[in-house]
Structure formats: C-alpha cells, structure tokens
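Quick notes on the structure that follows.
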Amino acid sequence: MPKYIFVTGGVCSSLGKGLTAASIGMLLENKGFRIALLKFDPYLNVDPGTMSPYQHGEVYVTDDGAETDLDLGHYYRYTNSPLSKASNVTSGQIYNTVIRRERHGDYLGKTVQVIPHITDEIKQRIVNCAKQEENIDIVLVEIGGTVGDIESLPFLEAIRQFSYEHSKDCLDIHLTYVPYLKAAGELKTKPSQHSVQILRSIGIFPDIIVCRCEESLPEEVKDKISLFCNVKKESVIEEVDVKNSIYEVPLKLREQKIDDKICQLLGLPIRETNLEQWEKILKTILNPKGTITVGVVGKYVQHKDAYKSVFEALHHGAINAGYKIEIKCFEADKILHNNDITEALKGCDGYLVPGGFGERGWQGKIMAVKHARENKIPYFGLCLGMQVMAVEFARHVNKIADANSTEIDPYTPNPVISLLSEQKEVQDMGGTMRLGAYTCKLSPGTHAVKAYGSETISERHRHRYEFNNKYRGEMEKKGFVVAGVLEDGNLCEIAEVKDHPWMVGVQFHPEFKSKPTHPHPLFRDFVKAMIAYKDQKAGKK
Ligand code: GLN
C-alpha cells in the first residue's frame with residue numbers, strides 16, 4: 001500500500017501550493033521513493049481546455065492528451081511523476097462520471113448524493129492515480145482552491161474519509177500565509193489559526209504546516225503557530241519568498257528537513273538526500289556569464305501564467321548555457337501601432353511566438369516573424385508560432401499576398417494553414433483538438449535533427465489547424481524547409497528557413513517537456529543561437 005500526502009491550502013489563493021507539492025515530491029524522489037502527483041480542481045469544467053488563458057493561465061498537456069492544470073507543469077519540471085489523465089481530476093469529471101452512472105441505472109433505487117457517491121468517486125480517483133504504476137511508494141494529492149471554499153468541500157470530506165480508512169498511511173500538509181502588517185510592525189498568525197480551525201472542523205488535522213511569508217519567521221511566531229494549530233514546532237515549516245528562482249524552493253524546504261519529517265511521520269525509512277545537481281543549477285542562476293534578451297510576441301502576455309512552461313523552458317535553456325535570460329513581452333496587437341516594427345521590437349537577441357488562438361494579434365505576429373527572418377535574428381515559433389511563420393513566408397517570400405490560416409480567414413483563397421477534414425466535422429469544443437504525443441520523423445541536415453541528436457522524436461500537441469501540403473513544393477523551392485513530419489502521415493511538424501542562422505517553428509509544444517535538469521534541446525539551441533547573435537552584434541566574432 002502506498003503512502004498518501006494531502007496538500008491543502010488556506011488563507012488565500014496563489015500561495016504556490018503546486019510548487020510546494022512539486023518541491024516536496026522532488027525531495028522524496030531524491031530519497032529514492034517513487035512518487036506520483038495528483039491535482040484535484042474543484043471547478044465544474046471537465047478540464048481547463050475550454051477556459052480562457054486569462055482565467056486559467058496555461059493549459060498543460062500530457063502524453064496521453066489530457067488538457068490539465070498548469071501545476072502539472074511544475075510536477076513535470078521538479079519530478080519524474082507519471083503524468084496522465086489520472087493526474088488531474090476536476091469536480092466536472094467527478095460529477096460527470098456519477099451522473100452518467102446514474103443515468104445508466106447503476107445506482108438503481110438509491111438517492112444519489114454528494115456523500116457517499118461523489119466522495120467515493122473522489123477516493124477512487126486517488127486510488128487510480130496510485131495504480132498508474134506498480135511501484136509507487138508515495139502519492140501526493142494537491143487540493144486546488146482554499147479551505148473554506150464551498151466548492152472544495154467534497155474533496156476535503158473525501159480525504160478525511162480516506163485518511164480515516166488508512167490512518168497510518170496518510171499525512172496532511174497545510175499551506176498557509178503569515179502576513180506582515182507594516183503598520184503594526186508584526187507578523188500575524190491569526191489567518192493561519194483560522195484556516196486550521198476550519199480544517200479541523202471538517203475533521204482534518206494537519207500534521208505539517210508550511211507558512212508562506214515574506215521574511216523568515218522568528219521562533220516565537222513558530223511557537224505560536226505550533227501551539228494554536230496543534231502541530232509540533234519542528235513541523236512548522238517556513239517558505240519564505242525566494243529572491244532568485246523558484247528552483248530554490250526545494251532547497252529551502254530541505255534545509256528545514258521537511259522530507260525527513262514526512263518520512264518519520266509516515267513510518268518510512270529516512271534516507272539520504274543529494275541535491276548537488278539542483279545546487280549547481282542555483283549557482284548558475286546566481287552567477288551568470290552574461291544576459292540575453294528574448295522578445296515573446298503573444299496575445300496573453302498580461303497574464304503571467306499564460307505562458308508558464310514557455311518561460312520556464314527559456315530559463316532552462318539559459319541555465320544550460322550559463323546565462324541569464326530576460327524575457328520581454330510584447331502584446332502582438334499593440335506592436336502594430338508603431339509604424340517602425342524595428343523600433344517596436346528593439347533590444348532583443350531573439351524572438352519567440354508562443355501558442356495561441358484566434359485573430360487578435362495575428363498581424364502583429366506576422367510582422368514580428370518578418371522582422372526576425374529578414375534581419376536574421378533567431379526565431380522560435382511554437383504551435384501558432386509555426387503557423388505564423390509559414391504564412392509569413394508564403395506572403396513575403398513566395399509573394400502569395402493573401403496567404404492565410406483558415407482560423408483567421410475561413411474564406412482565404414490561399415489557406416497555407418487549414419483544418420484537416422476530421423477537424424471539420426468537430427462540433428464539441430472540449431477535448432477535440434489534436435492532443436497529446438505524436439511521433440515525428442526529422443529530416444537530415446536540419447537544426448531540429450542537430451538539436452535532438454536523433455531522427456525520431458515524440459512531442460505533445462494541442463491544435464486544430466495544420467500546414468497545408470499543397471503549398472509545400474513551391475515554398476520549399478524558395479527556402480522553406482519541412483524539417484519534421486508526422487511519422488504515420490504527412491503533416492508538417494517542424495518548419496525551418498534556409499539561409500537563416502536559426503529560424504525554427506514547431507507544430508507541437510516542446511515547452512511541456514523541459515526541466516531545469518534536462519533543458520529541452522530546441523530551447524537549448526535557441527538560446528545558443530541568441531547568444532551567438534548577441535556576440536556577433538557586439539562584434540566579438
Ligand atoms: N490556434 C491554432 C490551432 O488550433 C494553434 C493552437 C496553439 O497554438 N496551441 O491550430
């Protein structure tokens with residue numbers, strides 16, 4: 001039987017529960033335990049796939065095509081937890097399952113209720129996550145939302161029951177916030193006390209309290225939290241805002257031996273930890289050889305979580321090169337207001353156009369791509385970023401002035417990007433895109449094959465539109481390169497531009513498969529190309 005750690009959050013949202021759960025997972029994995037992470041989201045959407053990036057931030061995609069919460073991106077970056085449809089469960093999915101069963105007659109004669117039917121289904125999902133692999137030692141379950149929300153009650157009730165049924169194998173970690181009141185000159189523990197009171201009234205008794213705070217907590221504050229929240233003082237862990245990088249979080253938690261404490265409480269052997277690799281990463285972050293600047297031209301740039309994995313993957317590429325990367329965001333539809341595109345986009349060593357949907361910002365992205373192509377500035381296009389690259393090339397190199405994507409203009413006479421016939425039939429919005437991992441064959445002599453060092457790769461997709469092969473021949477004659485195609489099919493998965501130092505567009509989302517310890521090869525090489533460009537500009541080479 002595996003052990004279970006439940007991570008709940010109190011006081012307010014955005015405390016970084018996902019990051020905390022991922023960091024704890026990483027520390028336990030480092031001790032040699034096989035871990036699995038599960039995120040419960042109390043909203044009623046079946047998955048976040050249909051939500052606006054402004055509402056939800058990034059949608060993280062797994063190999064099996066699940067559209068999931070962005071916390072799964074943290075799980076991926078910090079751990080080797082299996083990540084699949086079993087790793088992110090929403091209220092929408094739970095209710096959907098129970099209601100379908102009811103319609104099928106499975107509960108015949110019974111009144112279907114939150115307790116036990118909904119809570120049983122939640123408990124079943126915890127078990128399903130543990131069963132993904134045979135050898136899972138510890139399952140970490142993060143409950144989205146804040147204690148006290150009406151929505152999260154069924155989840156909390158389910159974990160209460162689960163902990164009651166498996167009392168020796170469960171642990172509750174509660175993440176709270178300890179604010180500093182400037183006017184009073186004091187740190188306040190009352191919100192944490194209240195949050196724990198709510199939890200206790202539901203029947204959950206936290207074993208460890210992790211306190212988010214701006215500054216380190218003095219002993220007397222820890223004493224107070226320990227006394228009022230009924231946890232041992234050594235189980236009051238501080239999580240001070242990190243100054244340099246989120247990759248410091250696990251190191252800070254390790255300093256307080258949270259992992260040893262967890263093992264002790266769960267009756268697991270307390271094994272050694274070796275965080276050398278992470279310490280090295282942090283050292284690089286603190287002492288960079290230089291700085292490069294990347295311009296990200298997107299539509300959702302005001303929402304800092306909309307491109308989470310993209311930004312992280314850029315950092316990983318920079319860490320690998322020993323550099324620091326500044327990310328300059330440009331609102332794609334605003335850069336057009338400046339008549340001089342060079343002026344609007346100045347100061348960058350490379351440009352990246354991330355994934356996106358819809359018409360707004362399209363023209364701005366076309367201009368950014370043109371700027372990068374003509375001036376031989378490194379460019380990396382992700383998903384929509386590849387589609388813009390293809391349309392820009394068709395318009396300005398092949399002189400097909402009205403080339404477009406049918407997503408932008410459904411009636412364009414030159415649909416360089418268009419829908420596959422199977423997508424044309426689609427009626428439902430949720431879960432109907434080309435989703436998840438597909439195998440891609442790379443062409444020799446391309447930037448792509450050089451980066452991956454292998455001819456066959458697997459990457460994750462989330463899109464409806466595709467490059468239209470009708471235009472392939474004439475565009476290739478002019479220097480457009482189809483650098484990778486779908487293994488069983490003929491879809492363009494990677495595009496490049498000849499006679500350009502590094503211009504690569506990918507139809508998939510490489511950002512989902514980058515870790516600080518294993519930077520994604522394309523992000524790694526994009527960063528290298530930016531460094532080379534910067535050096536060349538400075539006349540170093
Ligand atoms: N909107 C484009 C499509 O559906 C690109 C999607 C994306 O960038 N994820 O094909």
Side-chain angles (χ1 to χ4, degrees), residues 47-63 65-68 70 72-73 296-301 303 305-311 313 332-333 351-366 368-369 379-392 394 403-410 412 415-438 440 459-469 471 486 489 491-495 504-514 520 522:
D47 61 44
T50 52
M51 282 189 231
S52 154
Y54 289 120
Q55 284 268 317
H56 183 270
E58 166 186 280
V59 173
Y60 184 84
V61 180
T62 57
D63 274 344
E67 294 176 276
T68 72
L70 54 77
L72 272 78
V296 173
V297 185
K299 175 172 163 185
Y300 315 109
V301 291
H303 192 301
D305 283 344
Y307 305 119
K308 191 108 212 157
S309 295
V310 177
F311 292 174
D333 52 348
Y351 296 96
L352 182 148
V353 173
F357 294 84
E359 203 255 330
R360 187 167 68 78
W362 175 254
Q363 195 51 31
K365 290 174 194 171
I366 296 262
V369 172
Y379 171 83
F380 194 13
L382 311 177
C383 206
L384 187 85
M386 184 200 95
Q387 299 175 355
V388 193
M389 184 176 138
V391 170
E392 190 281 327
N404 218 335
S405 159
T406 53
E407 182 179 8
I408 311 304
D409 175 6
T412 173
V416 169
I417 303 293
S418 64
L419 277 186
L420 286 185
S421 49
E422 49 268 35
Q423 279 289 339
K424 288 187 181 146
E425 312 297 321
V426 165
Q427 301 281 331
D428 282 349
M429 291 302 279
T432 53
M433 284 187 255
R434 176 144 88 102
L435 286 167
Y438 286 87
C440 168
E459 291 283 2
R460 300 179 191 162
H461 292 247
R462 181 172 185 255
H463 58 103
R464 286 186 208 285
Y465 297 82
E466 307 281 350
F467 177 73
N468 184 346
N469 280 323
Y471 295 90
L486 179 68
L491 298 174
C492 170
E493 305 281 49
I494 309 180
V504 179
V506 293
Q507 188 54 83
F508 45 81
H509 289 275
E511 69 272 24
F512 295 147
K513 288 174 71 170
S514 187
H520 189 284
L522 290 175

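Both ligands and their constituent atoms are indexed starting at 1 by order of listing. Along the sequence shown, residues are numbered consecutively beginning with 1.
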Original post:
Is Y379 close to L352 at the side-chain level, that is, under 4.5 Å between some pair of heavy atoms?
Top reply: no
Which heavy atom of the protein is the closest neighbour of [atom], given with residue, atom name and distance?
| atom | answer |
| --- | --- |
| atom 4 (O) of ligand 1 | R464 N, 3.0 Å |
| atom 10 (O) of ligand 1 | Y465 N, 2.8 Å |
| atom 7 (C) of ligand 1 | C383 SG, 3.0 Å |
| atom 5 (C) of ligand 1 | G356 O, 3.3 Å |

With distance as the sole test, does [X] use its side chain to make a donor-acceptor pair with the main-chain N or O of [Y] at under 3.5 Å?
| X | Y | result |
| --- | --- | --- |
| Y54 | H303 | no |
| Y465 | L384 | no |
| E58 | S309 | yes |

Enumerate the atoms of ligand 1 whose separation from the nearest heavy atom of [X] is less than 4.0 angstrom.
| X | result |
| --- | --- |
| E407 | 1 (N), 2 (C), 3 (C) |
| H463 | 3 (C), 4 (O), 6 (C), 10 (O) |
| R462 | 6 (C), 7 (C), 9 (N) |

Subject >> Non-neighbouring partners of S418 that pass side chain to side chain contact (heavy atoms under 4.5 Å, CB included), sequence neighbours left out >> reply: T406, P415, N468
Original post:
Just by distance, with hydrogens left out, do Y60 and R460 show a side-chain donor and acceptor under 3.5 Å apart?
Top reply: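 Judged by distance alone, the side chains do pair up.
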Original post:
Can you name the side chain to side chain donor-acceptor pair (under 3.5 Å) partners of E511, sequence neighbours left out?
Top reply: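 Applying side chain to side chain donor-acceptor pair (under 3.5 Å) to E511 gives H509.
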Original post:
Within less than 4.0 angstrom of ligand 1, does Q387 place any heavy atom?
Top reply: yes
Original post:
Hey, is H509 one of the residues with a heavy atom under 4.0 angstrom from ligand 1?
Top reply: yes
